[in-house]
Amino acid sequence: MMMTMIPILETPHGRLFQADCLDFLGSLDSESVDLAFADPPFNLGKEYSSKIDDNRSREAYLYWCVRWLDEMVRSLKPGGALFLWNLPMWNLQLGAHLASKLTFRHWVAVDLKYSLPIKNRLYPSHYSLLYFVKGEKPAVFHPDRTPVPCCRHCGGELRDYGGYKDKMNPEGVSLSDVWTDISPVRHAKYKKRRANALPLKLMDRIVSMASDEGSLVLDPFGGSGTTYVAAELTRRQWVGCELECSAILDRFDRIDLDREHLADIQEDKNTLFTDADLERRVRAGLPLSPKYKLKSKDGRCTCPSMTSSSSLELFTSDV
Ligand SMILES: C[S@@+](CC[C@H](N)C(=O)[O-])C[C@H]1O[C@@H](n2cnc3c(N)ncnc32)[C@H](O)[C@@H]1O
C-alpha cells in the first residue's frame, strides 16, 4: 500500500490516519482493498466534533460523495465489496452512480428509526445499506445465519414454521435483505460517541459477510471506530481515516469492552435458537418441538429429544 502519511494509531491489524478522506483515499494503491465501507455525514446540518460542514447544497453534497466513492471504487480489488450506509434519499442517487461502475448486489433495509414522524410523510424507519461488488461476482460471500425470531418474554417462535421445522438449518435462518434485529447503540458502556456510532453487530455482520481473516477492510469515515474494532477483533487487516480521532483512540484503549460485546454477538449468530430464548422457554414451560435439529456446543447437529444431560431435555415435547 502506498502510504506517505503517518498513522495516528497502529494496532496489530490496522492503521488509522487523522486526515481528510479525499487526501487519505488518494494515497491508497489501486485494487488493494477487499471490503470498503462508508458511513458519511448525511448532510442533515448536524454538529460534528470535527467541525465539518454538514449543511451543503444538495448538488455540493452529492458531488463530494461521488469524489470519495470513486476513490473507494479505485481502491477495490476485483471481486471486492463496497457497502454504503446512508439515508434512502441519498443512496437512491449515489446507488445510481455506483451502478455505472460496480455490480449491484443488494439494497438492505436496516430497520432503525432515525427521525421523528414527519407530517404528510411515512415514518422514516429504515436506513439504506447498499452493497456492490467490483466485477461480476463477489470474491467472498458468507452471510451470517440468524436465530429464529422469538418472543422476548416467553421465548416462543414469532412465526409458525409449520411442517418445515425438520428442514430448518441448525445454523439458523438465511439472512434476508431486511434486517430487523439491529438495535441502536444505547447502553452507556458501549456508547462511545453520541448518536452516530453504528452498532457493533451491524459492522460484524458486514465484515463477516464480505471478508476473511487477513482481508483488508477500508473505512474512510472512522467516527468512533466501529468498523475498525469489528475488523481488529476478527483478525482482518484494516485501514481508515477520520478528522477527529480522539474517540477512536479512546475506544482502542478499552477494546476489551468491545471484545466482550462481540463475544455475546457471535454467540447469538449461526444458531437456530439463542441460549437466552431457550432459557426463556424453560421458565415459561414452553417445550421446543423435537422436529428442530439443533447445533450442540461441539458443533454436531442433534434434535432436542436426542439431547441428554442438558436443560434442552426440558424442552422436548411430542408436538
Ligand atoms: C457518521 S460518522 C461515522 C460513524 C462511524 N461509522 C461509527 O460507527 O462510529 C461520520 C464521520 O465522518 C467524519 N468526517 C466527515 N467529513 C470527513 C472528511 N472529509 N474526512 C474524514 N472524515 C470525515 C466525521 O468527523 C464523522 O466522525
Side-chain angles (χ1 to χ4, degrees), residues 5 7-9 14-28 35-56 60-72 75 82-87 90-91 94 108 110 112 114-115 127-130 179 182-187 189-207 217-234 238-255 257-258 261-262 265:
M5 301 177 178
I8 191 168
L9 172 69
R15 283 186 297 165
L16 172 68
F17 296 84
Q18 181 146 322
D20 179 84
C21 61
L22 287 170
D23 296 337
F24 161 74
L25 288 167
S27 75
L28 295 181
L35 161 57
F37 171 85
D39 167 23
F42 299 156
N43 205 36
L44 290 178
K46 266 174 75 171
E47 272 198 28
Y48 284 87
S49 49
S50 52
K51 307 278 178 250
I52 53 143
D53 178 4
D54 194 41
N55 202 4
R56 309 173 199 222
Y61 177 70
L62 288 171
Y63 175 66
W64 175 68
C65 290
V66 162
R67 286 177 67 205
W68 50 257
L69 278 171
D70 285 353
E71 284 296 315
M72 289 174 77
S75 76
L82 188 150
F83 289 84
L84 179 60
W85 174 266
N86 210 323
L87 305 179
W90 295 127
N91 267 1
L94 299 172
V108 181
V110 181
L112 277 178
Y114 62 81
S115 154
Y127 283 87
S128 155
L129 176 65
L130 282 173
W179 297 355
I182 306 284
S183 320
V185 183
R186 279 224 185 86
H187 196 296
K189 191 163 102 173
Y190 298 130
K191 176 120 177 118
K192 306 292 180 326
R193 200 186 209 223
R194 299 191 303 275
N196 59 20
L198 291 178
L200 187 57
K201 182 172 177 176
L202 174 76
M203 291 320 305
D204 175 58
R205 183 169 290 173
I206 294 169
V207 166
V217 176
L218 160 71
D219 183 342
F221 299 102
S224 67
T226 318
T227 307
Y228 313 143
V229 164
E232 180 81 18
L233 294 175
T234 56
W238 60 267
V239 68
C241 70
E242 165 59 59
L243 292 169
E244 210 290 290
C245 294
S246 56
I248 304 175
L249 301 183
D250 179 47
R251 190 164 179 178
F252 269 84
D253 273 347
R254 299 184 294 148
I255 197 163
L257 279 178
D258 280 300
H261 186 194
L262 187 66
I265 290 167

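Ligands are counted one by one from 1 in listed order, and the atoms in each one are counted from 1 as well.
- The distance between the ring centers of Tyr127 and Trp85 falls below 6.0 angstrom.
- Residues Phe221 and Thr227 form no side-chain contact, since every pair of their non-hydrogen atoms from C-beta on lies 4.5 Å or further apart.
- Close contacts between ligand 1 and Pro41 involve ligand atoms 15 (C) [criterion: under 4.0 Å to a heavy atom].
- Close approach of ligand 1 to Ile52 is summarised as follows: ligand atoms under 4.0 Å from at least one heavy atom of the residue are 15 (C), 16 (N).
- Within ligand 1, counting atoms from 1 as listed, the ones closer than 4.0 Å to a heavy atom of Gly223 are 3 (C), 4 (C), 5 (C), 9 (O), 27 (O).
- Of all heavy-atom pairs spanning Pro199 and Ile182, the tightest one is CG-CG2, 3.6 Å.
- Ligand-side atoms of ligand 1 in range of Thr226: 7 (C), 8 (O), 9 (O), range being under 4.0 angstrom from any heavy atom.
- Residue Asp20 places at least one N or O, backbone or side chain, under 3.5 Å from an N or O of ligand 1.
- Counting all heavy atoms, side chain and backbone alike, Phe17 lies closest to Cys245 at O-SG, 4.2 Å.
- Among residues two or more places apart in sequence or in another chain, the side chain to side chain contact (heavy atoms under 4.5 Å, CB included) test is passed with Glu232 by Thr11, Pro12, His13, Trp238, Phe252, Ile255.
- Atom 12 (O) of ligand 1 has its nearest heavy-atom neighbour, among Phe221, Trp68, Trp64, in Phe221.
- Glu244 does not count as a contact of ligand 1, since none of its heavy atoms falls under 4.0 Å from the ligand.
- Atoms of ligand 1 found under 4.0 Å from any heavy atom of Cys21, numbered from 1 in the order shown, are 18 (C), 19 (N), 20 (N), 21 (C).
- Summarising the contacts of atom 5 (C) of ligand 1 with Asp39, Leu202, Leu22, the nearest heavy atom is found in Asp39.
- Below 3.5 Å of separation, one finds no N or O of Ala197 facing any N or O of ligand 1.
- Residue Gly225 has at least one heavy-atom neighbour below 4.0 Å for each of these atoms of ligand 1: 9 (O).
- Interface of Ala19 with ligand 1, defined as ligand atoms under 4.0 Å from a residue heavy atom, comprises 20 (N), 21 (C).
- With a 4.0 Å heavy-atom cut-off, ligand 1 is reached by the backbone of Pro220 but not by any atom from C-beta on.
- Of the possible donor and acceptor atoms, one in the side chain of Asp54 sits under 3.5 Å from a partner among the backbone N and O of Asn43.
- Looking at residues two or more places apart in sequence or on another chain, you find a side chain to side chain contact (heavy atoms under 4.5 Å, CB included) between Asp53 and Asn55, Arg56.
- Ring pair Trp64/Tyr61 is tilted by interplanar angle, where 30° to 60° counts as tilted.
- Of all the heavy atoms of Leu198, the ones lying under 4.0 Å from any atom of ligand 1 are found in both the backbone and the side chain.
- Across all their heavy atoms, Leu16 and Glu242 have their closest contact at CD1-N, 4.3 Å.
- Against a heavy-atom cut-off of under 4.0 Å, Gly222 is close to the following atoms of ligand 1: 5 (C), 7 (C), 9 (O).
- In terms of heavy atoms, Pro220 sits closest to Cys21 at O-CB, 3.8 Å.
- With Ser224, Gly240, Ala230 as candidates, the residue nearest to atom 9 (O) of ligand 1 on a non-hydrogen basis is Ser224.
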